[in-house]
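Scroll down for the structure; my scribbles are underneath it.
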Number of protein chains: 2
Amino acid sequence: MAIQDRRAALKTANRHAIIVAAAQIVSERGLPGLTADELAARADVSRRTIFNHFGSLDEIVTAGFIEAMGVIVEEFTAVAEATPVGEGTAASMFDEIAQVIRATDIVTPLSRMLRLLSPEDPMDAHQDARVRESLRIISDRLAAEVLRRHHGADPLDVNVLVGSLTGGLGVVALHWHVRTGASDDPESRAVWDELVDRVLTTLRDGFGRARD
Amino acid sequence: MAIQDRRAALKTANRHAIIVAAAQIVSERGLPGLTADELAARADVSRRTIFNHFGSLDEIVTAGFIEAMGVIVEEFTAVAEATPVGEGTAASMFDEIAQVIRATDIVTPLSRMLRLLSPEDPMDAHQDARVRESLRIISDRLAAEVLRRHHGADPLDVNVLVGSLTGGLGVVALHWHVRTGASDDPESRAVWDELVDRVLTTLRDGFGRARD
DNA sequence: TACACTAAGTGCATTGCTGCACTCAGTGCA
DNA sequence: TGCACTGAGTGCAGCAATGCACTTAGTGTA
């Protein structure tokens with residue numbers, strides 16, 4: 001990692017300041033409360049600078065999303081690395097991933113992320129795309145981790161496994177958002193755990209055995 | 001006073017940061033301790049920027065001197081404006097100025113200024129020029145204030161009066177520097193007051209009556 | 001319905017900062 | 001005494017931020 005010169009450092013810092021300021025404003029007032037002028041003032045840059053870094057206000061919100069996403073990925077990685085390697089069967093790989101998912105604090109960053117979405121219509125196409133993108137990132141990361149641990153595993157199997165899991169997680173996330181408003185409190189966390197358990201159990205036992 | 005745009009504001013702030021940082025470094029290590037690299041780091045600008053603003057390191061020290069000078073002038077002005085106007089005789093004008101001088105906290109800024117000078121040789125020509133310049137500024141300011149208050153006063157009389165006073169003050173300042181190292185503490189302040197009293201008394205009573 | 005206003009976004013020129021390479025002067029050491 | 005090193009200062013080009021004017025789209029009001 002090369003040492004940044006002052007220019008690169010300033011550019012990076014300003015980009016970050018814009019993202020952070022946007023997230024704060026949206027958090028306080030919602031998306032309609034985000035204006036370029038106020039964002040510039042809060043980020044301590046000129047308005048023109050905002051558009052030097054980003055094509056639109058919407059893009060900044062997405063960048064905030066991706067940053068929060070990065071937090072989840074980091075957590076996943078740390079927990080995954082601390083999770084014992086199993087036998088390499090499909091079931092043991094599933095259990096490893098399930099363990100990682102359960103052991104990772106997803107609610108904190110997810111709550112922050114989902115609050116960046118419009119509260120009125122969490123299911124609209126644009127925001128759905130954001131959630132999908134996030135899940136693709138997580139999926140890739142998890143698959144890479146599993147393949148790293150199990151050299152002999154068939155990549156297709158792994159990707160199907162991981163894809164199914166994260167697909168289920170995506171549904172959970174949106175369902176949880178609708179149900180709890182993505183607030184971060186003991187009740188919403190209980191709901192999250194319950195929903196996660198449900199999906200993990202269903203996927204582990206298979207859909208053919210569901211709801212005996 | 002026009003509102004500065006961000007560029008002008010940054011330029012001003014950087015210039016000031018350089019001056020302040022230089023004063024700090026010199027205060028801690030003396031003039032030989034001032035290097036462009038360290039100054040840049042402390043002022044949080046690039047080294048090249050320093051020379052965008054100033055022609056030399058020496059010029060920065062002088063700028064710091066002039067800034068401290070500005071503080072003295074401001075104090076003088078404030079105290080002078082709060083001092084009652086006398087009858088307009090030479091004696092009363094002298095007393096007004098003497099009152100201003102006594103009522104003004106000169107030691108604080110002067111201590112800071114003199115510490116910017118080389119501690120080894122406070123009397124060398126280059127630094128002497130700085131002190132002279134400072135006294136000329138004060139002298140001009142005082143003379144202007146006296147003439148403002150006394151429209152009927154002869155400018156020559158006023159300038160002789162003020163010039164003699166500030167000349168005497170200059171000697172006091174350097175003598176005080178040699179004697180106390182320009183440190184700012186109760187002892188050095190007592191020395192300052194004693195020296196000032198001495199000069200004021202001598203000038204008020206005249207040299208012919210000194211040391212009865 | 002037309003107009004005025006507001007705010008996002010764009011184009012372009014300017015500004016001050018910055019990086020880099022260089023010169024010069026001073027210093028220390030073999 | 002010559003050389004290597006260090007640090008102040010200089011020249012020049014590039015960079016990112018900035019200012020400013022403009023366009024476009026959306027909204028509200030008469």
Side-chain angles (χ1 to χ4, degrees), chain A residues 1-26 28-64 116 118 120-121 124 126-127, chain B residues 1-26 28-64 116 118 120-121 124 126-127:
Chain A
M1 180 73 87
I3 293 188
Q4 280 192 308
D5 65 25
R6 295 179 58 85
R7 275 188 294 209
L10 177 62
K11 185 174 176 179
T12 300
N14 279 341
R15 186 176 191 279
H16 189 248
I18 291 165
I19 292 172
V20 169
Q24 285 172 359
I25 292 169
V26 170
E28 291 164 13
R29 306 226 202 100
L31 269 169
L34 181 63
T35 69
D37 279 342
E38 187 173 356
L39 178 54
R42 190 174 287 210
D44 195 27
V45 298
S46 81
R47 191 167 74 84
R48 189 67 187 82
T49 298
I50 290 172
F51 297 101
N52 287 345
H53 287 265
F54 301 95
S56 65
L57 290 184
D58 191 66
E59 197 181 307
I60 300 168
V61 174
T62 298
L116 291 174
S118 166
E120 288 84 30
D121 194 0
D124 87 40
H126 187 46
Q127 316 205 76
Chain B
M1 178 71 87
I3 295 189
Q4 279 192 310
D5 66 26
R6 294 179 59 86
R7 276 187 296 208
L10 178 63
K11 186 174 175 180
T12 299
N14 280 341
R15 185 178 193 276
H16 189 249
I18 292 165
I19 292 172
V20 169
Q24 284 173 0
I25 293 168
V26 170
E28 290 164 16
R29 309 227 200 102
L31 269 170
L34 182 63
T35 69
D37 280 342
E38 187 174 354
L39 178 53
R42 188 172 290 209
D44 195 26
V45 298
S46 81
R47 190 167 74 84
R48 190 64 185 84
T49 298
I50 289 172
F51 297 101
N52 287 343
H53 287 265
F54 301 95
S56 65
L57 290 184
D58 190 65
E59 197 180 308
I60 301 168
V61 174
T62 298
L116 291 175
S118 166
E120 287 83 32
D121 192 3
D124 87 41
H126 188 46
Q127 317 203 80

Determine whether A:Leu57 and A:Thr35 make a side-chain contact, defined as any pair of heavy atoms from C-beta on separated by less than 4.5 Å.
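No - every pair of side-chain heavy atoms lies 4.5 Å or more apart.
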Measuring only between side-chain heavy atoms, which start at C-beta, is A:Arg47 closer than 4.5 Å to A:Leu39?
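Side chain of A:Arg47 against side chain of A:Leu39, heavy atoms only: no contact under 4.5 Å found.
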Can you tell whether the side chains of B:Arg42 and B:Asp37 come within less than 4.0 Å, N to carboxylate O?
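No salt bridge links B:Arg42 with B:Asp37.
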Roughly, in whole Å, what's the span from [atom1] in [X] to [atom2] in [N]?
{"X": "B:Ile50", "N": "C:dG16", "atom1": "CD1", "atom2": "P", "answer": "18 Å"}
{"X": "B:Arg15", "N": "C:dG16", "atom1": "CZ", "atom2": "C1'", "answer": "15 Å"}
{"X": "B:Asp37", "N": "D:dC5", "atom1": "CG", "atom2": "P", "answer": "17 Å"}
{"X": "A:Phe54", "N": "C:dT10", "atom1": "CZ", "atom2": "C1'", "answer": "17 Å"}
{"X": "B:His53", "N": "C:dG16", "atom1": "NE2", "atom2": "P", "answer": "9 Å"}
{"X": "A:Leu39", "N": "C:dA7", "atom1": "CG", "atom2": "P", "answer": "14 Å"}
{"X": "B:Asn52", "N": "C:dG19", "atom1": "CG", "atom2": "C1'", "answer": "12 Å"}
{"X": "B:Arg47", "N": "D:dG7", "atom1": "CZ", "atom2": "C1'", "answer": "7 Å"}

State the CZ-NZ distance between A:Arg15 and A:Lys11, to the nearest 0.5 angstrom.
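Going from the CZ atom of A:Arg15 to the NZ atom of A:Lys11 covers 9.5 Å.
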When you match A:Leu10 and B:Phe51 each to their closest nucleotide on DNA chain D, which lands nearer the 5' end?
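The residue whose closest nucleotide sits nearer the 5' end is B:Phe51.
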From [options], nucleotide with atom closest to [X] side chain:
{"X": "B:Asp5", "options": "C:dT18, D:dA16, D:dG19", "answer": "D:dG19"}
{"X": "B:Ser46", "options": "C:dA21, D:dT18, C:dG19", "answer": "C:dG19"}
{"X": "B:Arg48", "options": "D:dC12, D:dG19, C:dG9", "answer": "D:dC12"}

When you match A:Arg6 and B:Ala8 each to their closest nucleotide on DNA chain C, which lands nearer the 5' end?
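It is B:Ala8, whose closest nucleotide lies nearer the 5' terminus.
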5' precedence on DNA chain C between A:Gly55 and B:Asp44 (nearest-nucleotide basis)
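By nearest-heavy-atom nucleotide position, the 5'-most residue is A:Gly55.
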If only side-chain N and O atoms of A:Thr49 are considered, is one of them under 4.0 Å from the OP1 or OP2 phosphate oxygen of D:dT18?
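Checking A:Thr49 against D:dT18: at least one side-chain N or O falls below 4.0 Å of OP1 or OP2.
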Using only side-chain N and O atoms of A:Asn14, determine if any of them is under 4.0 Å from OP1 or OP2 of D:dA16.
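So the side-chain polar atoms of A:Asn14 never come under 4.0 Å of the phosphate oxygens OP1 or OP2 of D:dA16.
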Establish whether the base of C:dT14 is bridged to the side chain of B:Arg7 by a donor-acceptor pair shorter than 3.5 Å.
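Side chain to base: pair found, below 3.5 Å.
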Quickly, which of A:Val20, A:Leu34, A:Leu31 forms a side-chain contact (heavy atoms from CB on, under 4.5 Å) with A:Ile25? Name it, please.
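That would be A:Leu34; it is the only one of A:Val20, A:Leu34, A:Leu31 passing the side-chain contact (heavy atoms from CB on, under 4.5 Å) with A:Ile25.
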